[in-house]
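Just below is one structure, and these are the notes that go with it.
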Amino acid sequence: MLDQRLLRDNPQLIASQLARRGLTIDLTGLQAIARLERDLEEQRSALQAEGNQIGKQVGQRIQAGADPKGEEVQALRDRGNAIKQEVAGLEEQEKALEQQLRDALIAFPNLPAAETPDGASEADNVEVKRWGMPRQESGLQEHWQIGERLGLWEAERSVRIAQSRFITLLGAGARLERALISFMLDQHTARGYTEVLPPILVNSASLTGSGQLPKFAEESFRCADDDLWLTPTAEVPLTSLHREEVIPAEQLPLRYCAYTPCFRREAGSYGRDTRGLIRLHQFNKVELYWFCHPANSADAHEQITRHAESILETLELPYRRIELCTGDLGFSAARTFDLEVWLPGAGAYREISSCSVCGDFQARRAAIRFKEGKGTQLVHTLNGSGLAVGRTMAALLENGQQPDGSVLLPAAIAPYFGSDRIGAA
RNA sequence: GGAGAGGUGGCCGAGUGGUCGAAGGCGCAGCACUGGAAAUGCUGUAUAGGGGCAACUCUAUCGAGGGUUCGAAUCCCUCCCUCUCCGCCA
């Protein structure tokens, strides 16, 4: 959420930064509301101060022996009642304005960071670097072909169990998924991340805190009888892990990694990526999350991205780093690096991780502060996939495929999987 | 699902209409004492919003919302949550 003070003092700045995202908004009306709300608050608190004085005086007079029903006390009571009515009127107006303000502000996306390149769409994203040597030979299979051939999962029967865009992993496929989750968590905890296994049903406040609500309700699955949703990413429970807390400054940064299944409706993607593991309503992901001091968030962003990249490098998977332009930035992000893994069967780079710094945007929504010296300040939050597990499996299958039909796995995963190969050697 | 208890500051815990943002204790910080420490003593120690260069000051907040009152942590109503026991269950 954006800062109300910024709206009161410098709405032009907000407008110009949102314009970089392609949003044209006139904020003069909202600014007026914000200022009026502030004025009313000042009037009201002055009245309340007077009312408090009167309350005290009545008590003092009565204790001093004044007649509780006498004229002097009655005059104070009358004034007290008049103030009460005035205050009630002001409060009502204030509440209405506050609601309007909040409804408006909660729907605005984050302001892009200064470093984020301007652009209108995906096409304007900037490639930052490449790592590894992509296999280019022809005749390579796509991961869904390999998976079906080796019996790693059941596509059609999964529709029977749930519906389309769900997958059932079997045998070596299930085992490899489990191995990858363990491998990734071990890599991250070795770097000092605290492993978290959070609830994957989350309440509305949690989704609002991290930015999925109110704008993106249609992207999540909801439990009809409860205020609970299936989490679309571990970013949601991890943000709420410290919601409405004040963290001592010396504890920062707090760094967490979490494996969770993730659930997304994938509305509007009909017909895209219908085969295999790329786009599912339920997928596994290991997420990295930081709460850090504002002074360190830029540095932290590079670190969290490097931590995601190191998984790809340890798994010997060629990738490239893309910096998202303002037009392609997610709702809560100020700056984002996407990592795209090379899929030689498909002959394309595909997103496998997204590493974002959100500044104080989520912290303000979720009221996550830290205490340094006298006052409190909002923390900065960062999140990054480290990595999307199903897409990692897809990348391993395509990159490791051998002429004999088997799949050779990188050395790092072999101890977890129990073998360095899937299929006949 | 049935029965009961309870929600007060970082924690424990007092407080049933009046100057209470809230006793006391613990914890924490600073100072004193000490060669250093322990013990002891003194002082300080919530959050949000407003005003002020600052010292400071005003308003709100004792689970949430509403009501009674000049005045509510304290009385009334509604809701939420937590805990304990029983039942069921991985």
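Residue numbers start from 1 in every chain, and the chains themselves are labelled A, B, ... in the order their sequence lines are given, proteins ahead of strands.
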Nucleotide N/O of nucleotides 61-69 of chain B paired with protein N/O under 3.5 Å:
| from | atom 1 | to | atom 2 | distance (Å) |
| --- | --- | --- | --- | --- |
| B/G66 | OP1 | A/Lys95 | NZ | 2.7 |

Sub-3.5 Å pairs of nitrogen or oxygen atoms, protein against nucleotides 50-57 of chain B:
| from | atom 1 | to | atom 2 | distance (Å) |
| --- | --- | --- | --- | --- |
| B/G50 | OP1 | A/Arg8 | NH2 | 2.5 |
| B/G50 | OP1 | A/Arg38 | NH1 | 2.8 |
| B/G50 | O5' | A/Arg38 | NH1 | 3.3 |

Open item on the list: So that I can tick it off, tell me whether A/Asp360 and A/Arg364 are bridged by a salt bridge, with the cut-off set at under 4.0 angstrom between side-chain N and carboxylate O.
Closed with: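 Yes, this pair counts.
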Task: Cationic N near anionic O, under 4.0 Å, A/Glu313 to A/Arg306 - done: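 Counted as a salt bridge, because a side-chain N and a carboxylate O are separated by less than 4.0 Å.
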TODO: Tell me which nucleotide among B/G18, B/U47, B/U59 gets nearest to the side chain of A/Ser45.
DONE: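 Among the listed nucleotides, the one closest to the side chain of A/Ser45 is B/U59.
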Open item on the list: Quick check: on RNA chain B, is the nucleotide nearest A/Thr376 upstream (toward 5') of the one nearest A/Gly80, or the reverse? Name the residue that is more 5'.
Closed with: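 Looking at the nearest nucleotide for each, A/Thr376 comes out on the 5' side.
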Rounded distance in Å between the [atom1] positions of [N] and [M]:
N	M	atom1	value
B/G7	B/C76	P	15 Å
B/G6	B/U43	P	37 Å
B/A14	B/G24	P	15 Å
B/A29	B/U82	C1'	32 Å
B/U19	B/U78	C1'	32 Å
B/C26	B/G44	C1'	16 Å
B/C79	B/C31	C1'	49 Å

- [ ] Measure from CD on A/Glu50 to P on B/U19 and round the result to the nearest Å.
- [x]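 Going from CD in A/Glu50 over to P in B/U19 covers 20 Å.
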Open item on the list: In this structure, how many angstroms lie between the C1' atom of B/A46 and the CD1 atom of A/Ile247, rounded?
Closed with: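 It works out to 17 Å between those atoms.
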TODO: For the residue pair A/Thr260 and A/Lys285, confirm or rule out a side-chain donor-acceptor distance under 3.5 Å.
DONE: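 No.
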N/O donor-acceptor pair under 3.5 Å between [X] side chain and [Y] backbone:
X	Y	value
A/Gln362	A/Ser210	yes
A/Asn110	A/Ser332	yes
A/Arg264	A/Pro232	yes
A/Thr168	A/Trp153	no

Open item on the list: Applying the Watson-Crick and G-U wobble criteria at under 3.5 Å, what pairs with B/U59? Answer none if nothing qualifies.
Closed with: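 When the pairing criteria are applied, B/A48 turns out to be the nucleotide that pairs with B/U59.
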Touch class at under 4.0 angstrom, heavy-atom based, for [X] against every strand present:
X	answer
A/Gln60	base
A/Ile62	base
A/Asn52	sugar-phosphate

Between side-chain atoms of residues 96-106 of chain A and protein atoms elsewhere (two or more places apart, or another chain), which donor-acceptor pairs fall under 3.5 Å?
| from | atom 1 | to | atom 2 | distance (Å) |
| --- | --- | --- | --- | --- |
| A/Gln99 | NE2 | A/Asp103 | OD1 | 2.9 |

Task: A/His380-A/Phe291 aromatic ring centre distance below 6.0 Å - done: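 A/His380 vs A/Phe291: aromatic centres not under 6.0 Å.
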